[in-house]
Number of protein chains: 2
Amino acid sequence: MKEETHDKRKCPSHLSTTECTKMLLPVKDALDVLSGKWKLQIILSLTFGKKRFKQIQREIPGLTPKMLSKELKELEINQLASRHVYDTLPVSVEYELTTYGKTLKPLIGELHKWGSTHRKRIIAGK
Amino acid sequence: MKEETHDKRKCPSHLSTTECTKMLLPVKDALDVLSGKWKLQIILSLTFGKKRFKQIQREIPGLTPKMLSKELKELEINQLASRHVYDTLPVSVEYELTTYGKTLKPLIGELHKWGSTHRKRIIAGK
DNA sequence: CAGGATCCGTAACGATACTG
DNA sequence: CAGTATCGTTACGGATCCTG
């Protein structure tokens, strides 16, 4: 099974360095937005549906409110997640992925898939 | 002071909190190995074929030899990349993805894809 | 409950210079 | 060329307490 038809992702040794650099730009952009220890885990958590602050924190071991708050703000700024405040007593806040945030699902899917096999590899005793 | 009777609070509609946490584990494992500002960019660079140290550095703007050296070592430790020294004068060293490292291609592919659309979104003026 | 404020140690990263 | 060494900065991230 030959995978490449006319894939633009051909950058063997004969292509210029600057061309290779250009290929890297989108990856860098993605990384800028998704970087950090928690963001992708939070996004994965939110792919299951709306969540309250505390619940997200419960689901992700080691995540402190300070970091969660900070990461959620960045996700909001990048329009990947949205915040909804409900006037209950005490106040409750829900977060959910935006439509744009949901476009990350395939990426998260791959990450989860690779992580699963990698995990087995580690446990098997690398 | 804990008032929770049991941790069986709803995650989405059918998953418990602990089950959600489990889903997150593989993602966390993947992140542990791929973390940092440069690793994924280096891997992408290597998906195009063997590269020498200096060439990788040239292709990734802002990457210093110190960081490149450090990241390559970690990739080696995790068996994602391999190092080959050639007894030339001066010495030349080539890096390439291992078979295992190549299993990251689908993930990088998604990252590149998402990053491309995200880049357009940014440039369009979010 | 949802978070902000503060303090503080560590780890990541950057710039520059230097060696075999 | 392929890295190291050194130094300095910034970001990460934990702990604790506090507020609306």
Side-chain angles (χ1 to χ4, degrees), chain A residues 13 17 24 27-28 31-43 45-46 50-78 81-96, chain B residues 1-7 9-11 17 24 27-28 31-43 45-46 49-78 81-96:
Chain A
S13 333
T17 297
L24 258 69
V27 172
K28 188 179 171 3
L31 257 30
D32 284 343
V33 170
L34 305 173
S35 69
K37 196 170 171 180
W38 307 110
K39 236 156 289 179
L40 282 163
Q41 295 183 68
I42 294 170
I43 293 171
S45 162
L46 289 178
K50 297 181 168 190
K51 296 277 172 68
R52 296 180 61 175
F53 188 91
K54 190 75 178 189
Q55 189 174 1
I56 301 172
Q57 200 199 330
R58 257 197 307 264
E59 284 171 15
I60 305 179
L63 179 53
T64 60
K66 179 176 112 182
M67 290 311 295
L68 178 54
S69 173
K70 186 194 145 211
E71 302 284 57
L72 283 171
K73 263 175 202 160
E74 291 182 18
L75 292 180
E76 258 198 278
I77 288 172
N78 290 298
S82 58
R83 198 179 104 115
H84 308 278
V85 183
Y86 297 96
D87 199 5
T88 55
L89 185 70
V91 67
S92 61
V93 180
E94 284 188 346
Y95 292 88
E96 68 178 324
Chain B
M1 174 168 292
K2 301 195 170 173
E3 81 295 339
E4 31 195 342
T5 49
H6 47 244
D7 282 71
R9 298 208 51 118
K10 287 335 202 100
C11 171
T17 296
L24 259 68
V27 172
K28 188 179 170 3
L31 257 30
D32 284 344
V33 169
L34 304 174
S35 69
K37 196 170 170 179
W38 306 109
K39 237 157 289 178
L40 282 163
Q41 295 184 68
I42 293 170
I43 292 170
S45 162
L46 289 178
K50 298 181 167 188
K51 296 275 173 71
R52 297 179 61 174
F53 188 91
K54 189 74 179 189
Q55 189 175 2
I56 301 172
Q57 198 200 329
R58 256 197 306 265
E59 283 171 15
I60 306 179
L63 178 53
T64 61
K66 178 178 120 181
M67 291 311 296
L68 178 54
S69 174
K70 186 196 144 211
E71 302 284 57
L72 283 170
K73 264 174 202 161
E74 292 183 29
L75 293 179
E76 258 197 278
I77 289 172
N78 290 298
S82 58
R83 198 179 102 116
H84 308 279
V85 183
Y86 297 96
D87 198 4
T88 56
L89 189 68
V91 68
S92 61
V93 181
E94 284 189 344
Y95 291 88
E96 67 177 325

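Convention: sequence-line order gives letters A, B, ...; per-chain numbering from 1.
The shortest distance between the side-chain N/O atoms of S69(A) and the OP1/OP2 oxygens of dG4(C) is below 4.0 Å. At the phosphate of dG3(D), OP1 or OP2 sits under 4.0 Å from a side-chain N or O atom of R83(B). Side-chain nitrogen and oxygen atoms of R52(B) include none within less than 4.0 Å of the OP1 or OP2 phosphate oxygen of dC1(D).
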Where protein sits on nucleotides 14-20 of chain D, one letter per nucleotide: B base, S sugar-phosphate only, - none, heavy atoms under 4.0 Å = BB-----
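Ion pairing between R52(A) and E94(A) fails under the 4.0 Å rule for side-chain N and carboxylate O. A salt bridge between E71(A) and K37(A) is absent, with no side-chain N of the basic residue lying under 4.0 Å from a carboxylate O of the acidic one. For the pair E96(A) and K51(A), the salt-bridge criterion is not met [side-chain N within less than 4.0 Å of a carboxylate O].
In the set dG3(D), dT4(D), dC13(C), the nucleotide with an atom closest to the side chain of V93(B) is dG3(D).
When atom types are taken as modelled, the side chain of K73(A) and the backbone of S69(A) share no donor-acceptor pair closer than 3.5 angstrom. Between the side chain of K39(A) and the main chain of S35(A), a donor-acceptor pair closer than 3.5 Å is present.
Rounding to whole angstrom units, NZ of residue K73(A) and C1' of dA5(C) are separated by 11 Å. When rounded to the nearest whole Å, the span between CD of E94(A) and P of dC1(C) equals 14 Å. For the pair K28(B) NZ and dG13(D) C1', the computed distance is 13 Å after rounding to whole Å.
Nucleic acid contact class of Y95(B) (heavy atoms, under 4.0 Å, all strands): sugar-phosphate only.
Side-chain contact check for E59(B) and S45(B): at least one donor-acceptor pair (N or O, by modelled atom type) lies under 3.5 Å.
Nearest-nucleotide positions on DNA chain D place F53(B) closer to the 5' end than the other of E74(A) and F53(B).
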